[in-house]
Amino acid sequence: MKLVTFDGARIGVLRNETVHDVTDTVLALTGLPFPWAMNALCGVLADNLALLERAADNAGGVPLSQVRLGPPIPAPTHLFAAPVNFLAHQAEMQGAIASYAGTAEMLGFFTKASGSVSGPADPIELPDFPERRFDHEGEIAIVIGKEARGVSPQEALDHIAGYTIVLDVTMRMTETQREERTFRKSFHSFSPMGPCLLTSDEVPDPSALTLKLWLNGELRQDSSARDLIVDIPNLVSRASHVLPLRPGDVYITGSPAGVGQIGAGDRVRTEMPGLGAMELPVVLRAW
Ligand code: MN
């Protein structure tokens, strides 16, 4: 199943190019308002897929082209991110910045402010930091289902509600300007998410997930979860031993090689086969 949010505070099931509004069903099921209902839904999703399918059957369909999609998880409690998690990306970053020594194997995770999340219809807004470099990192994202506390890698997949795409937009350090990583990656719209949540029942083997990213029509990133240094079950397991992972938490798995600079006027397109694509314009922030 593909779940979306749309038109501000609506929740839908996406079938082909049609959105079926299941907002009332989700709010009743979770007892929570939007957007918190989406987090709670992730925790009970596995037991309620049939209920949602029926609600979608009974809801009229609206063409996807007539709605404005939002991020599928608009307000994750935690937005975890793997640092260097592809060997080829580590190699390219060591070329640029000498201190890129560790990988996710050693470094664990970092977090981005969840307020950096934006939707697949929103532009990437670059703040006014002249002479700083901003990069795209197209990443496969895990969405946590039922709470994961101290789970083993073997148990981890039972705690994943599904998958989505997140762009980990990043302001790079310079020799003299070395803000915290959280600061440089947490500007609003620096975590565009979408276009949907693909539920994990449709992803029996997450190592088969792949992601591509194009900048202005040119393929820049082409990756497979098979090449992750720390794989998806181990990312979830290890983080779950640090703190309980909550329903709707998002964990972005790390950027493949091909990271490159973006600027106003660019268009960034990312796609995961079977999940969908999002294409985002890059603009200068107007506020
Ligand atoms: Mn990243």
Side-chain angles (χ1 to χ4, degrees), residues 71 73 76 78-97 99-118 120 124-127 132-144 163-173 178-194 206 209-215 220-232 234-236 238-239 245 249-262 266 268-272 275 278 280 282:
I73 308 295
H78 301 119
L79 178 48
F80 301 103
V84 178
N85 204 17
F86 286 91
L87 289 174
H89 174 55
Q90 183 186 31
E92 74 181 354
M93 295 314 291
Q94 281 177 325
I97 298 166
S99 62
Y100 265 77
T103 70
E105 183 72 41
M106 177 176 81
L107 298 171
F109 62 77
F110 63 91
T111 60
K112 303 184 72 167
S114 55
S116 64
V117 169
S118 56
I124 297 167
E125 301 179 2
L126 301 184
R132 296 299 290 273
R133 171 177 161 163
F134 298 91
D135 281 355
H136 61 75
E137 299 185 353
E139 305 194 16
I140 296 166
I142 305 161
V143 179
I144 298 296
Y163 301 88
T164 189
I165 301 169
V166 171
L167 281 191
D168 179 14
V169 182
T170 302
M171 182 172 77
R172 292 293 171 207
M173 293 185 286
R178 306 178 67 83
E179 303 90 350
E180 292 285 354
R181 171 150 44 185
T182 294
F183 178 97
R184 293 183 288 102
K185 288 174 172 276
S186 289
F187 293 95
H188 178 66
S189 80
F190 274 27
S191 302
M193 182 195 298
L209 293 169
T210 63
L211 178 143
K212 286 189 167 80
L213 181 146
W214 295 260
L215 179 64
R220 293 293 182 88
Q221 296 189 285
D222 185 356
S223 69
S224 165
R226 271 185 225 296
D227 296 328
L228 291 171
I229 296 170
V230 180
D231 67 10
I232 286 171
N234 274 285
L235 288 173
V236 170
R238 292 177 190 186
L245 311 187
D249 280 357
V250 175
Y251 197 144
I252 64 176
T253 57
S255 180
V259 166
Q261 190 168 7
I262 55 174
D266 286 340
V268 182
R269 177 184 166 83
T270 49
E271 181 173 358
M272 284 174 62
L275 192 149
M278 57 179 180
L280 309 161
V282 183

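Read the numbers this way: they start at 1 and go in the same order the structure lists the ligands and their atoms.
Of all the N, O or S atoms in E139, the one closest to the Mn ion (ligand 1) is OE2. The N, O or S atom of D168 lying closest to the Mn ion (ligand 1) is OD2. For the Mn ion (ligand 1), the nearest N, O or S atom contributed by E137 is named OE1.
Using cut-offs of 30° and 60° for the angle between ring planes, the F80 and Y251 rings count as tilted.
Side chains of S189 and S118: no donor on one and acceptor on the other come within 3.5 Å.
F134 has its side chain out of reach of T170: every pair of non-hydrogen atoms, C-beta onward, lies at least 4.5 Å apart.
Residue F86 is tested with S255, S224, P256 for a side chain to side chain contact (heavy atoms under 4.5 Å, CB included); the sole match is P256.
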